[in-house]
Every structure is written in C-alpha cells, then in structure tokens.
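Encoded as structure tokens, the structure appears first; notes follow it.
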Amino acid sequence: MSLTLYNTAARALEPFTPLEKGRVGIYVCGVTVYDLCHIGHARSAIVFDVLVRYLRALGNDVTYVRNFTDVDDKIIARAKDLGESPEDLAGRYIEAFYTDMDQLDIMRADREPRATEHIEAMIDMIRILIEKGNAYRAGDDVYFAVESLPGYGALSGRKLEDMKAGSRIAIGEQKRHPMDFALWKAAKEGEPQWDSPWGKGRPGWHMECSVMSTHYLGTTFDIHGGGEDLLFPHHENERAQAVAALGGEFARYWIHNGFVTVNSEKMSKSLGNFLTIRDALKLYHPQVLRMFLISQHYRSPLDFTRSAVEAHRSGLTRLYRALERMDAILGPWNYDQGLSKQLKGDALPLPEEFRQAMDDDLNTARAVAFLFEKLKEINRIIGQEASLSESDRSLLAEGREELIVCASVLGLLKESPAAFFEGVAKDTVTLDNAEVERLVADRTEARKKKEWKRADEIRDILKKMGVVLEDGPKGTTWHRDV
RNA sequence: GGCGGCAUAGCCAAGUGGCUAAGGCAGCGGUCUGCAAAACCGUUAUUCACCGGUUCGAGUCCGGUUGCCGCCUCCA
C-alpha cells in the first residue's frame with residue numbers, strides 16, 4: 001500500500017505519486033501576520049507538519065514552502081490603530097508565530113517567503129496576465145477576468161453562473177464580472193506601496209501565493225495545502241492566476257484541513273471565544289495540545305473542549321510513564337534521536353500497522369491508537385520487571401524504539417519523561433526535591449516498622465504537595481501529580 | 001438561495017460492503033499492594049439519528065426525514 005490523500009480538486013481519495021520519484025514539493029498557505037495565532041492556526045500547522053514529517057519518514061526529499069502574508073488590509077488597519085508601521089507590526093507577529101509554533105514543535109519550513117519580498121515577480125505575473133488577456137485595468141486597479149479562464153471554479157466546485165456576488169460589489173468598482181478580483185490595488189495615502197506600470201500600489205492577496213509557490217517549486221508542483229476556508233476564493237484565484245500566466249498545472253494535490261471550534265462554536269472576535277495558542281499553552285502542555293489536535297482526522301471539524309483535551313492529557317501521561325520505566329530498565333533514551341534522523345530525510349523503519357494508518361489519508365487517529373496498542377505490549381513486558389529475561393529486554397528495547405519512532409512522525413514523545421512530568425504538572429509551585437526525598441525516606445522507614453498510620457500520613461502530606469507515590473518491588477518512586 | 005460536510009457507547013473517536021463495531025478518557029469487577037497508586041486482566045454499543053431501498057450480506061451504497069455545522073465576505 002502507498003500513501004493515499006484526499007485531493008480536494010478531485011473530491012476523492014487519490015494515490016499520491018510525486019512528479020519526480022522521491023522528491024516532493026509542498027506549499028502551504030501560512031498566516032497573515034496581524035495578530036497572535038490561535039488554536040486553529042495550530043491545527044493547520046500541525047497537520048502539514050505531520051504530513052511533511054511522514055513524507056520524509058518515507059524517505060522523500062521534501063521541499064516545504066510556507067509563506068507569511070505581510071502586506072494586507074488587516075495589517076494596514078491594525079497598524080494604523082496601533083500607530084505602528086505595518087512592517088513593524090508584521091515583524092512582531094512573525095516573531096510571535098515562531099515563539100508559539102516552536103513550542104508546539106512545529107518544524108520550520110525550508111522556505112518561508114514573505115509577500116513583500118516578491119513584489120517584483122508579482123508585478124511581472126500581472127503584466128503577463130494583462131498581455132494574455134486574462135486581466136484588465138480599471139482605473140488604477142488591475143483585475144483578473146474570471147471569464148477569460150475556462151474552468152474557473154473547478155477547484156472549489158463552483159460555477160460562475162451560480163455565484164451571484166453582485167451584492168458584494170462596492171460602489172465605484174469597475175469589474176466586468178462580479179467575481180473578477182483585484183490583482184493590483186492602487187495606493188492609498190500612507191499605505192505600503194510599490195511602483196508598477198499601473199502606478200503606485202500593492203498586490204492583491206492571492207497574487208503572492210501564485211508567485212511564491214511557483215518560484216520555489218515550479219509551475220507544476222505536488223501539494224498545496226491550507227485551511228478549508230481558503231479553498232474559495234483564495235485557492236481558486238491563486239490557481240487561476242498561475243495557470244493563466246504560466247500555463248503549468250499548478251498544484252496537483254490540494255489538501256485542506258478542517259476547522260477548530262471552541263465549545264462547539266466557531267471562533268470569532270464577536271463571540272469572544274478566540275483561543276490563542278498562547279492562552280491554550282497556559283492551560284495545557286504543548287505535547288498535550290499536539291496530541292489533542294492530531295487525535296482526529298485532519299478533515300473533520302475538531303471541537304476544543306476542556307474535557308476532550310484533558311482526556312488526551314491522561315493518555316499521553318500514560319505513554320510517558322511507560323517511557324520513564326523503560327528508561328529505568330534499559331537506560332535512558334536520547335530523546336532527540338528520532339527526530340534528527342527523520343529530518344535528514346532517511347526512510348524510517350515504520351511498523352506496517354502504523355504505515356497503513358498514515359497511508360490512509362493521514363489517519364492520525366488510527367496512528368495514535370497504534371501507539372496505545374504498542375504501549376499495552378510494552379507494559380505487559382514491564383509487568384514482569386522482577387524477572388526480565390534477555391529476550392524480554394530486547395523485546396522491550398525494540399518496542400521502545402518503535403514507539404518513539406512512530407511518535408516522532410506525529411511530533412509526540414519528543415522530550416524526556418522528567419521534562420514532560422515537570423511541564424504537565426498541575427501545580428506550578430516548584431518542588432523541593434530534597435524535601436520530597438526526605439519525606440519518602442521517612443515513610444519508607446515507617447513502612448519497614450509497619451507503622452501504617454504514619455506512612456499514610458506522610459503520603460497524604462506529599463499528595464497535598466502534588467506528589468504521587470508508587471510502591472514497587474524495588475522501593476518507592478514518586479512523580480508529580482498530573 | 002447555491003455548494004459541501006457531519007450524526008457510532010457516559011464523553012472523545014476510528015471504521016473507504018463481508019471474520020466477534022479500533023483506540024483513548026471516565027466507570028465498574030479482579031490480580032498486585034499493609035492500604036493505595038501505577039500496571040495488567042476482564043467488563044461497559046445485538047448496534048451505528050430516523051424511515052424506506054439496493055445486495056446473499058450495509059454503520060459503510062442509494063432515496064427521503066430530522067438535527068447540527070461549514071463555505072459562498074477577511075479568515076487556518
């Protein structure tokens with residue numbers, strides 16, 4: 001079996017075959033940097049992060065391009081409100097993007113172009129579109145003529161005649177067809193602007209992606225991704241421009257991720273339920289968020305609720321606990337190893353079951369289920385800890401490797417258990433380890449003397465400090481309450 | 001109005017016509033333990049919103065009903 005992906009353009013699952021065997025070019029629409037990223041941005045970023053990781057784990061040489069939209073109406077408006085330059089505002093939010101995404105362990109793309117770095121090429125593309133008769137000037141603006149391109153609407157499954165967009169046209173616009181969209185917008189006072197054959201102005205939103213994707217990946221490339229809301233008009237228009245201007249096929253596979261709702265409501269400013277990554281990270285450990293965000297299929301809507309996220313925190317904790325015990329038995333694992341191997345693009349040894357799940361349109365829910373099945377196997381072996389045979393130990397070592405390699409494709413189990421437990425603990429108060437150790441030792445003393453009451457008192461004290469004890473055959477271990 | 005999606009146990013969720021409907025969380029019973037915790041074992045959907053149909057066989061395909069959601073306007 002090989003990788004099958006749902007191609008929005010075909011509205012069907014299709015076997016994925018790159019243009020060139022072993023090489024994959026992927027372009028993903030990034031964010032418009034005028035505000036902090038929210039949990040929906042995180043989902044999108046994680047979906048494509050996992051896709052790229054998996055393509056690499058299969059041994060592909062992947063070129064991953066993700067843009068920043070750093071010139072746009074919203075940026076200009078926000079900058080004006082804050083009395084800041086649009087460039088500074090965009091710069092600040094690009095930094096914020098990295099801060100947040102780094103915490104979620106989202107890999108950097110290979111190319112992260114900004115719209116403002118490619119204005120010249122956009123002007124060139126607009127010029128070509130005018131020459132070819134796909135675009136026209138109207139006043140100081142330039143519009144794309146949707147009727148000039150046969151098949152416009154095919155990507156998003158719309159017919160021009162169905163799209164009664166007349167009511168959306170602002171007075172004063174001189175479009176030939178209501179669906180025509182701006183390629184170049186004439187400059188307004190005090191806004192970012194560039195010289196062009198049509199006077200000073202700035203490019204329309206869709207232009208940047210047509211130009212930057214084909215610049216880095218060629219006129220026909222493998223995968224284009226983004227949130228499902230971008231399908232229309234953004235992706236439709238992006239493709240129309242590129243196909244009309246360059247004649248290539250543009251993207252061959254279109255992948256769109258579903259939305260995140262919060263308590264069953266779409267996030268919106270008016271509802272005040274915008275959950276930024278930053279705020280979510282105040283409540284949950286980044287690995288827990290990641291686990292939650294990949295726990296269902298990427299095309300399904302995902303509802304963010306406290307109880308749902310917390311369920312995954314419990315599950316992830318169980319995985320890390322097993323890791324901790326394996327480290328104790330086998331010696332500590334180097335927690336960077338899985339990831340660093342895969343970043344080189346070498347094929348990873350992935351178990352068949354895991355591969356089948358991922359091959360099936362990136363079924364991360366099933367992939368996670370595999371992790372738990374593996375966990376059960378491992379725990380069964382550890383259960384006999386007192387008498388582990390050589391073959392048990394090597395089974396355990398194999399199991400650990402498999403578990404971590406698979407998890408690394410999902411971006412999970414990437415840190416040491418100690419770091420995870422420290423980070424995931426409810427109690428933010430720093431523990432005095434020496435104090436804990438002393439109490440544990442006192443309790444061990446009491447238990448030796450069978451002073452159960454005293455022992456239980458100490459256990460209660462520790463519990464209140466946020467420490468949970470486990471009495472095992474090799475003595476008492478403790479960890480922070482989760 | 002146009003286009004599309006979803007409805008599976010207490011909750012989340014996989015299931016892309018055919019062995020006993022994954023997995024997680026929560027609960028319950030058991031093993032272990034001084035008692036716990038953790039772990040393991042067992043258990044919790046004769047049934048997949050409802051009604052018809054196709055088929056030897058449907059959660060899975062088709063039609064209808066109900067309910068929810070998204071896009072069509074900036075949006076991941």
Side-chain angles (χ1 to χ4, degrees), chain A residues 4 6 8 11-13 28-32 34-35 37-48 72-74 77 153 156-159 161-165 167-168 179 205 225-234 236 256-261 264-269 291-292 295-297 299-303 305 307-319 321-322 324-325 353 357 360-361 363-373 375-376 378-385 447 450-453 455-456 459-460 463 468-473 476-479 481:
Chain A
T4 299
Y6 184 86
T8 313
R11 257 154 280 277
L13 289 167
V28 175
C29 287
V31 295
T32 301
Y34 73 106
D35 205 345
C37 288
H38 54 65
I39 201 74
H41 295 115
R43 184 188 197 186
S44 184
I46 287 173
V47 164
F48 294 105
D72 154 277
D73 291 343
K74 294 187 294 294
S156 56
R158 280 153 222 263
K159 295 181 188 119
E161 48 269 33
D162 290 344
M163 295 190 276
K164 301 172 196 135
S167 59
R168 294 289 179 187
M179 294 313 296
W205 173 37
E228 66 181 5
D229 55 317
L230 296 179
L231 179 57
F232 188 88
H234 184 53
E236 189 72 56
H256 290 95
N257 67 275
F259 260 51
V260 179
T261 53
S264 305
E265 286 175 331
K266 184 181 171 178
M267 281 187 282
S268 72
K269 304 261 173 181
M291 174 87 164
F292 170 70
S295 66
Q296 13 196 316
H297 189 86
R299 282 189 284 119
S300 307
L302 175 66
D303 193 32
T305 63
S307 63
V309 181
E310 282 170 5
H312 290 287
R313 181 172 62 197
S314 302
L316 187 62
T317 302
R318 214 149 64 82
L319 285 163
R321 265 204 260 272
E324 184 181 47
R325 280 184 294 167
E353 223 180 313
D360 182 13
D361 194 27
N363 193 330
T364 50
R366 235 166 77 199
V368 169
F370 173 76
L371 256 38
F372 281 102
E373 274 154 19
L375 172 72
K376 191 160 274 191
I378 286 167
N379 278 335
R380 241 172 275 182
I381 298 171
I382 296 179
Q384 316 152 11
E385 190 178 350
R447 290 183 72 223
K450 299 196 189 294
E451 292 170 6
W452 307 126
K453 193 164 177 250
D456 291 350
R459 185 166 61 197
D460 287 343
K463 173 81 181 166
V468 176
L469 299 180
E470 289 173 29
D471 298 328
T476 300
T477 56
W478 64 273
H479 59 82
D481 198 3

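The sequence lines fix the lettering, A, B, ..., with proteins before strands; numbering per chain opens at 1.
Applying the side-chain hydrogen bond (donor to acceptor under 3.5 Å, both in side chains) test to A/Ser300 and every residue at least two apart in sequence or in another chain returns nothing. Shown here are the salt bridge (Lys or Arg N to Asp or Glu O under 4.0 Å) partners of A/Asp303, two or more places apart in sequence or in another chain: there are none. Applying the side-chain hydrogen bond (donor to acceptor under 3.5 Å, both in side chains) criterion to A/Asp361, with sequence neighbours excluded, gives A/His297, A/Tyr298, A/Arg299. Residues satisfying the ring pair (Phe, Tyr, Trp, His ring centres under 6.0 Å) test with A/His38, not counting sequence neighbours, are A/His41, A/Phe274.
Using a 4.5 Å heavy-atom threshold, the side chains of A/Arg447 and A/Asp471 count as touching. Within the 4.5 Å cutoff, side-chain heavy atoms of A/Phe48 are placed close to those of A/Asn257. Under the 4.5 Å side-chain criterion, counting only non-hydrogen atoms from C-beta, A/Glu353 is in contact with A/Glu373.
Comparing the same atom, P, in B/G42 and in B/G24 gives a spacing of 12 Å after rounding to whole Å. Rounded to whole Å, the C1' atom of B/G23 lies 27 Å from the corresponding atom of B/A76. Taking atom P on both B/A45 and B/C11, the two are 13 Å apart, rounded to the nearest angstrom. With both ends at atom P, the span from B/G29 to B/G17 equals 41 Å, rounded to whole Å. Comparing B/G64 with B/A13, their C1' atoms sit 28 Å apart, to the nearest whole Å. Between the P atoms of B/U54 and B/G63, the separation comes to 15 Å (whole Å). For B/C71 and B/G27, the C1' atoms lie 40 Å apart once the distance is rounded to whole Å. A gap of 28 Å separates the P atoms of B/C35 and B/U44, to the nearest Å.
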Tabulate atom names and distances for all N/O pairs under 3.5 angstrom spanning the protein and nucleotides 13-15 of chain B.
unit_1, atom_1, unit_2, atom_2, d
B/A13, OP1, A/Gln296, OE1, 3.0
B/A13, OP1, A/Gln296, NE2, 3.3
B/A14, OP1, A/His297, N, 3.2
B/A14, O3', A/Asn363, ND2, 3.1
B/G15, OP1, A/Asn363, ND2, 2.9

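Under the Watson-Crick or G-U wobble criterion, with both distances below 3.5 Å, B/G70 is paired with B/C3. As the counterpart of B/G52, B/C62 is assigned, both hydrogen-bonding distances of the Watson-Crick or G-U wobble pattern falling under 3.5 Å. Across the strands present, B/A37 finds no partner; the criterion is a Watson-Crick or G-U wobble pair with both atom distances under 3.5 angstrom. Under the Watson-Crick or G-U wobble criterion, with both distances below 3.5 Å, B/U46 is left unpaired in every strand shown. Pairing for B/U20 is absent, with no Watson-Crick or G-U wobble pair whose two atom distances lie under 3.5 Å.
When the nearest nucleotides of RNA chain B are assigned to A/Ser314 and A/Ser156 by heavy-atom distance, the more 5′-ward of the two goes with A/Ser156. In terms of position along RNA chain B, the nucleotide closest to A/Val368 lies nearer the 5' end than the nucleotide closest to the other residue of the pair A/Val368 and A/Ser44.
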Inset, instruction - Using a 4.0 Å cut-off on protein heavy atoms (strictly under), produce a 5'-to-3' string for nucleotides 29-39 of chain B with B for base contact, S for backbone-only sugar-phosphate contact, and - for none. - result: -----BBBBSS
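Using a 4.0 Å heavy-atom distance criterion, A/Phe259 is classed as a base contact. Residue contacts for A/Val47: at a heavy-atom cut-off of 4.0 Å it reaches no nucleic acid atom on any strand shown. Nucleic acid contact for A/Gly40: base, since at least one base atom lies under 4.0 Å from a heavy atom of the residue. As judged by a 4.0 angstrom heavy-atom cut-off over every strand, A/Leu13 is placed among the base-contacting residues. Note on A/Glu228: only backbone sugar-phosphate atoms sit closer than 4.0 angstrom, heavy atoms only; bases stay farther off.
Remark: the A/Arg321 side chain and the A/Asn379 side chain contain no N/O donor-acceptor pair separated by less than 3.5 Å.
A distance of 7.0 Å separates NZ in A/Lys266 from CG in A/Asp229, rounded to the nearest 0.5 Å.
Comment: A/Lys463 does not engage A/Asp460 in a salt bridge, judged by the lack of any side-chain N to carboxylate O separation of less than 4.0 angstrom.
Taking every side-chain heavy atom of A/Met267 into account, B/A76 is the closest of B/A76, B/C74, B/G23. The side chain of A/Ser307 lies closest to B/C11, out of B/C11, B/C72, B/A76.
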